[in-house]
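To start, the structure itself, in structure tokens.
One-based numbering, in listed order, for ligands and for the atoms of each. Basis for what follows: all heavy atoms, side chains included, without hydrogens, waters or symmetry-related copies.
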Amino acid sequence: MKKLIVFTDLDETLLERFTYSFEKAVPALNLLKEKDIPLIICSSKTMAEIQQYCVALENHHPFVSENGGGIFIPRGYFKDIRYDSKEYDGYEVIELGTPYAELRKAVKQLRTEGFDIKGFGDMTPEELSALTGLSPDEAKLAMRRHFDEPFLYEGDIKKLVESIRAKNLNCTQGRFFHLMGGSDKGRAVDILKELYREEFGEICSIAVGDSPTDIPMLEKTDYPVLVQKDDGTYDPKVNVPGLIKAEGIGPEGWNKAIIELIQRLTS
Ligand SMILES: [Mg+2]
């Protein structure tokens with residue numbers, strides 16, 4: 001049988017909006033553990049934030065931070081990592097993103113061009129906390145960024161995107177806009193799939209997301225799953241071949257879709 005692996009977004013996918021709770025997905029999370037199926041977090045969150053969720057979820061698998069900016073592989077998890085990697089804090093890190101200092105420079109430049117954008121790096125932890133519902137301590141973890149700058153902007157998005165592209169950078173949209181380099185979740189998913197394939201032979205992949213930042217990840221997997229947004233609708237911008245629409249908002253849809261798929265694929 002093929003080795004199953006599951007990729008997941010966090011915000012508004014595995015985690016409920018505002019409460020950041022994964023409680024409603026616990027039955028499916030337990031099923032993955034029981035079946036020894038790796039759950040790979042692939043989020044716009046930072047390494048420091050994802051590490052906290054790895055502890056809460058008792059997850060010891062690799063994860064992807066900041067929209068595909070970095071792949072963090074626990075040291076010794078794979079026998080051989082044939083990609084350039086750096087050792088950092090117990091992980092082998094494959095860096096795909098543009099360094100944060102460069103992104104911050106670009107934010108400042110965009111402001112001088114007249115775009116009224118405000119990045120996480122322009123906010124205090126208290127401001128970010130009020131904006132996101134994170135506690136001030138969690139907001140500090142969200143501000144420890146390496147490869148991606150989330151920002152607020154209310155002007156002409158088309159013009160802004162043109163200016164970002166002219167700087168050889170990219171922009172994607174989840175709950176915030178995100179400024180980043182050439183990395184995306186899809187490239188990180190491809191590399192991890194390859195590493196699992198080398199270790200386990202044939203694999204079958206599932207991914208769960210809720211927003212356009214998840215499209216590159218969903219496109220790279222055999223079973224792409226879209227959960228409902230907070231208002232019970234599906235994001236109309238997410239349309240990839242074979243898309244499975246989970247019945248339920250965030251973690252509730254996650255739970256149902258994963259249980260169904262795992263039972264179908266392992267029976
Ligand atoms: Mg999300």
Side-chain angles (χ1 to χ4, degrees), residues 6-25 28-29 39-54 56-57 59 63-71 97 119-120 128 131-134 138-139 141-142 145 147-153 157 170-180 183-189 205-221 223-240 243-258:
V6 178
F7 294 92
T8 187
D9 172 47
L10 286 180
D11 287 329
E12 297 182 50
T13 297
L14 180 58
L15 306 179
E16 216 162 51
R17 189 168 186 184
F18 300 123
T19 66
Y20 297 96
S21 165
F22 55 79
E23 208 52 44
K24 288 175 181 160
L29 289 163
L39 175 65
I40 300 152
I41 294 169
C42 194
S43 167
S44 62
K45 289 189 180 298
T46 61
M47 172 206 177
E49 291 179 285
I50 296 174
Q51 275 182 312
Q52 289 217 319
Y53 283 100
C54 286
L57 292 160
N59 184 322
F63 62 82
V64 177
S65 74
E66 296 180 69
N67 279 318
I71 303 176
F120 277 18
L128 186 58
L131 188 66
T132 56
L134 296 170
E138 288 167 335
L141 300 182
R145 311 202 67 83
F147 310 107
D148 166 297
E149 175 69 332
F151 64 92
L152 297 170
Y153 177 65
I157 186 66
N170 282 308
C171 176
T172 183
Q173 191 181 2
R175 182 156 154 213
F176 297 99
F177 292 108
H178 291 262
L179 179 67
M180 54 212 263
S183 53
D184 64 39
K185 290 187 179 186
R187 221 175 129 211
V189 164
S205 56
I206 297 169
V208 197
D210 74 299
S211 76
T213 51
D214 300 315
I215 294 172
M217 165 178 79
L218 295 169
E219 281 175 339
K220 298 288 184 179
T221 48
Y223 295 93
V225 179
L226 181 67
V227 294
Q228 292 170 356
K229 301 188 85 61
D230 208 32
D231 61 4
T233 63
Y234 297 98
D235 192 312
K237 294 191 206 89
V238 183
N239 194 5
V240 306
L243 189 65
I244 298 165
K245 292 188 171 173
E247 283 174 34
I249 295 164
E252 198 179 346
W254 200 100
N255 188 59
K256 271 193 204 166
I258 290 291

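Checking Thr13 against Asp210 by side-chain atom types alone, a donor-acceptor pair falls below 3.5 Å.
Rounding to the nearest 0.5 Å places CG of Leu14 at 8.5 Å from CG of Asp9. We find the CE-CG distance between Met217 and Asp184 to be 11.0 Å, quoted to the nearest 0.5 Å.
The Mg ion (ligand 1) has an N, O or S atom of Asp11 inside 2.8 Å of it.
With hydrogens and angles ignored, the 3.5 Å screen pairs no side-chain donor or acceptor of Lys24 with any backbone N or O of Asn255.
Checked against the Mg ion (ligand 1), the N, O or S atom of Asp210 at the shortest distance is OD1. Among the heteroatoms counted here (N, O or S) of Asp9, OD2 is the one nearest to the Mg ion (ligand 1).
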